[in-house]
Protein chains: 2
Amino acid sequence: MSATSEAVAGPGREELFSIGAAAAMSGVSERALRYYQELGLITPCARTPGGMRRYSEDDLARVARIRELQTLLGLNLDEIAVVLRNDDRLAEIKAVYHDEHTGAEERANLAGECLVLLEQLHTTVQGKRAALDTFLADLDARIARVRAALTPK
Amino acid sequence: MSATSEAVAGPGREELFSIGAAAAMSGVSERALRYYQELGLITPCARTPGGMRRYSEDDLARVARIRELQTLLGLNLDEIAVVLRNDDRLAEIKAVYHDEHTGAEERANLAGECLVLLEQLHTTVQGKRAALDTFLADLDARIARVRAALTPK
DNA sequence: ACCGCCCTTGACGTTAACGTCAGGTTCGGG
DNA sequence: CCCGAACCTGACGTTAACGTCAAGGGCGGT
């Protein structure tokens, strides 16, 4: 009756990828994926009985996150590890927060912790953005001057 | 009559710095300064008769530029070399442009070349800024949601 | 059952951007 | 003139982030 060999209930039909596919999709090398794992940045959500890595969509998103933090913020992998740990903590908080038997007071505490973590990251990014804006403004000014020189009248 | 040992005419009293002073002022190591020179990124504006490097304010500004391109844009030193060559070309153009006997047509050409160089850099920076803005917007959204959860009524 | 391809771990190699050390030289204050 | 601090030029070491290669093991199609 089922097109797949799986018979588990629910609409969550999660497709898993080999390391080769994951590397191709995320745009990093297989070696990089294994290296990230060595550093504890990602762990493939599963392994085949034979021991081969299987990556989920969430895993791929995490890899994308790593690349983003690398290229956009210029963080090294150790710093990225910290950010990812915060991400994980945030997800954990989210789960507990929405749990039935979580008191109102505890919810406030959890949300407060979230704010700390998020605003911490926000601050560093904000700083980077400000510096970049200054840089860009200077560049714009120079361009404007040259433009003015080109069309004086 | 002069407070300094120099008697050259003009208001341009340029102070020069040893590599130790230059390193301290620019916040990079002496080794880095020598390394940048190996790669042709900077050349101290002068040497003492004995062969010791002397850095001018302009040299320091160039070092600051290097650091900015490194930390802000994440460029490697080879890419920075390209940007610096463009900077030099722009300065050269500026000099020729303001020269007495430079024709109007040639001035237009020079200004045109400036625009190409500047806008090229502008594009890459703009892209970076856009990506960073997206990142920051997502972060802001998350923060806003948590804030809303904290003060529902 | 077999074959070819993809995957595994382990180990060593590579590149960029410096750090560090050795052995000699220069500078400036007394 | 002398001395200690700072500087010079090699040359080799270091770290991060992978690349690459070797020797085996799993996996899917026939």
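The chains referred to below are lettered A, B, ... by the order of the sequence lines, with proteins before strands, and numbering in each begins at 1.
Annotation: side-chain contact (heavy atoms from CB on, under 4.5 Å) contacts of T48(B) (sequence neighbours excluded): M52(B), R54(B). Residues meeting the side-chain contact (heavy atoms from CB on, under 4.5 Å) test with D99(A), sequence neighbours left out: H101(A), T102(A). Legend: residues meeting side-chain contact (heavy atoms from CB on, under 4.5 Å) with R47(B), ordered by chain and number and at least two apart, are Q37(B), R53(B).
Between R34(A) atom CZ and dC6(C) atom P there is a gap of 13 Å when expressed in whole angstrom units. The distance between atom CG of L33(B) and atom C1' of dC7(D), rounded to the nearest whole Å, is 13 Å.
Every pair passing salt bridge (charged side-chain N to carboxylate O under 4.0 Å, His left out) that includes a residue from residues 16-34 of chain B is listed here, sequence neighbours excluded: E30(B)-R34(B), R31(B)-E38(B). Listed by first then second residue, pairs satisfying salt bridge (charged side-chain N to carboxylate O under 4.0 Å, His left out) with a partner in residues 121-130 of chain B read D133(A)-R129(B), R129(B)-D133(B), not counting sequence neighbours. Listed by first then second residue, pairs satisfying salt bridge (charged side-chain N to carboxylate O under 4.0 Å, His left out) with a partner in residues 69-86 of chain B number zero, not counting sequence neighbours.
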N/O donor to acceptor pairs below 3.5 angstrom from side-chain atoms of residues 65-75 of chain A, sequence neighbours left out:
residue: R65(A); atom: NE; partner: D87(A); partner atom: OD2; Å: 2.8
residue: R65(A); atom: NH2; partner: D87(A); partner atom: OD1; Å: 3.3
residue: R65(A); atom: NH2; partner: D87(A); partner atom: OD2; Å: 3.4
residue: R67(A); atom: NH1; partner: Q70(A); partner atom: OE1; Å: 2.6
residue: T71(A); atom: OG1; partner: R67(A); partner atom: O; Å: 3.1

Practice problem: Using a 4.0 Å cut-off on protein heavy atoms (strictly under), produce a 5'-to-3' string for nucleotides 15-30 of chain C with B for base contact, S for backbone-only sugar-phosphate contact, and - for none. | Solution: --BBBB-----SS---
Quiz item: Given pairs defined as Watson-Crick or G-U wobble with both distances under 3.5 Å, what dot-bracket annotation applies to DNA chain D, with ( ) intrastrand, [ ] crossing, | other strand and . unpaired?
Solution: ||||||||||||||||||||||||||||||
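Note that OG of S26(A) is 8.5 Å distant from OH of Y36(A), once rounded to the nearest 0.5 Å.
Not one side-chain nitrogen or oxygen of S18(B) sits closer than 4.0 Å to the OP1 or OP2 atom of dA6(D).
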